[in-house]
Amino acid sequence: MDEIFQIENTNFNLKHTFESAQPLTFYGDYYEDKVLLEYTYKNSIIGIKSTENNKLNAYWILKNNNEKLKLNDEVIRRFRLFEDLDYIYKKINTDSNIDIAIKKYNGMRLTINDPWETTLVFIISQFNNVKRIRGIVKNIINRYGEKIDEKHKSFPMLENMSTATKEDLKNCGTGFRAEYIINAVDYFINNVDLNKLNPNNYEELHEIFTEIKGIGDKVADCIILMGYGNLRAFPIDVWVKRQLERLYFKGEKQKVSKLQDFAWEQWGDYRGYAQQYLFHSGRNLTFKN
DNA sequence: ACCCAGGCGGGCG
DNA sequence: CGCCCGCATGGG
């Protein structure tokens, strides 16, 4: 708690970011109309909350002394505060539909998360819903994570999960995805070092991830976007698909491949950011949370 | 009861 | 290639 990072002069809306269901391992508590965000980084815990004058403060809830990590470096990277969101908006604000979403969810940030954490979470996400995904992830953290304090466990890294069995994972609620998880753990322990991949090479990343059984185009794109921060990934899930069809194709069904081409033409190299605004606004047409 | 969820692999034509 | 089906599970 001694070190505090004041986030100023930055377009950053904590509530929209948390509710956009993109950092699926974050915890959020509401007070008044604000959100107190809490997340683990390895064996440390970081909190972010609004101050009276509507600024944001980030601080250590618990800092593991073995980590040389600087708080501001972590927060700046995690929420992409190194780039000007208004510049991104200029790049993707190509029509009135996306303009509405940008204005409504102004300050919603994409996050950059640990590659393995992102991989595991989005393997679980397939044929599933946000609420259940969060529950299953929580079970896996409880089962395989390392204890940080009385309330918190770290997100289990590959080594923590090297002996996971199908039965164990099913008990966490993973269902048929259990064998995909086991397969991915094995693959990334023995074949590919997730932390040595080039974040800027979209094609190479997509090829590597889709080679793995249990990871297809959509999950690979989520990993590339939210695990490596590559904005050229445009994950198309049911919400984004519906939203694109509704807003740009008169509600007529389109093939995913055509929607990918459309996104590339419409939003270019920043399409990943546009995707998050479409996803969040699409979901909120139906329900909150 | 029925439908759906941040999809994917496999089988078939 | 494209298309279609089954898949575990819990909430609305």
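Because only heavy atoms are used, hydrogens play no part in the values below, and waters and symmetry mates are left out as well, while side chains stay in. The sequence lines fix the lettering, A, B, ..., with proteins before strands; numbering per chain opens at 1. Everything quoted here is computed from the prediction, not taken from an experiment.
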> If you define the side chain from C-beta out and look only at heavy atoms, does anything of A/Ile215 sit under 4.5 Å from A/Thr119?
yes
> In whole Å, what is the span from the CD1 atom of A/Ile123 to the C1' atom of C/dC7?
16 Å
> So what does A/Ile136 touch, heavy atoms closer than 4.0 Å: a base, only the sugar-phosphate, or nothing?
nothing
> Please confirm whether the shortest side-chain N or O distance from A/Lys170 to OP1 or OP2 of C/dT9 is below 4.0 Å.
no
> Is A/Glu179 touching bases, backbone alone, or none of the nucleic acid, heavy atoms closer than 4.0 Å?
nothing
> Hey, which of these two, A/Asn129 or A/Asp217, hits DNA chain B nearer its 5' end, going by closest nucleotide?
A/Asn129
> Determine, for A/Asp237 against A/Lys241, whether the closest basic-nitrogen to carboxylate-oxygen distance falls under 4.0 angstrom.
no
> Just the rounded figure in Å: distance from C1' of B/dC4 to CG of A/Asn128.
11 Å
> What is the distance, to the nearest angstrom, from the CZ atom on A/Phe209 to the P atom on B/dC8?
13 Å
> Base, sugar-phosphate or nothing for A/Ile212? Non-hydrogen atoms, less than 4.0 Å.
sugar-phosphate
> Using atom NZ of A/Lys131 as one end and atom P of C/dG10 as the other, report the distance to the nearest whole Å.
13 Å
> Between A/Glu167 and A/Lys170, does any NZ, NE, NH1 or NH2 come within less than 4.0 Å of an OD or OE carboxylate oxygen?
no
> Would you kindly give the CD1-to-P distance between A/Ile124 and C/dC7, to the nearest whole Å?
21 Å
> Between B/dG7, B/dA5, C/dG10, which one does the side chain of A/Phe176 approach most closely?
B/dG7
> How long is the line joining CZ of A/Arg283 and C1' of B/dC4, in whole Å?
13 Å
> Between A/Phe279 and A/Tyr180, just flag the one whose closest nucleotide in DNA chain B comes earlier from the 5' side.
A/Phe279
> Measuring from the side chain of A/Lys213 (C-beta onward, heavy atoms only), which nucleotide among C/dG10, B/dG9, B/dG7 has the closest atom?
B/dG9
> Please tell me if A/Arg242 has a side-chain N or O lying less than 4.0 Å from either OP1 or OP2 of B/dA5.
yes
> CD1 of A/Ile133 versus C1' of C/dG11: gap in Å, rounded?
13 Å
> Inspect the contact between A/Glu19 and A/Lys15 and indicate whether a charged nitrogen and a carboxylate oxygen are less than 4.0 angstrom apart.
yes
> Does A/Tyr277 use its side chain to pair, donor to acceptor, with the backbone of A/Met108 at less than 3.5 Å?
yes
> What integer distance in Å separates A/Lys258:NZ from C/dC1:P?
19 Å
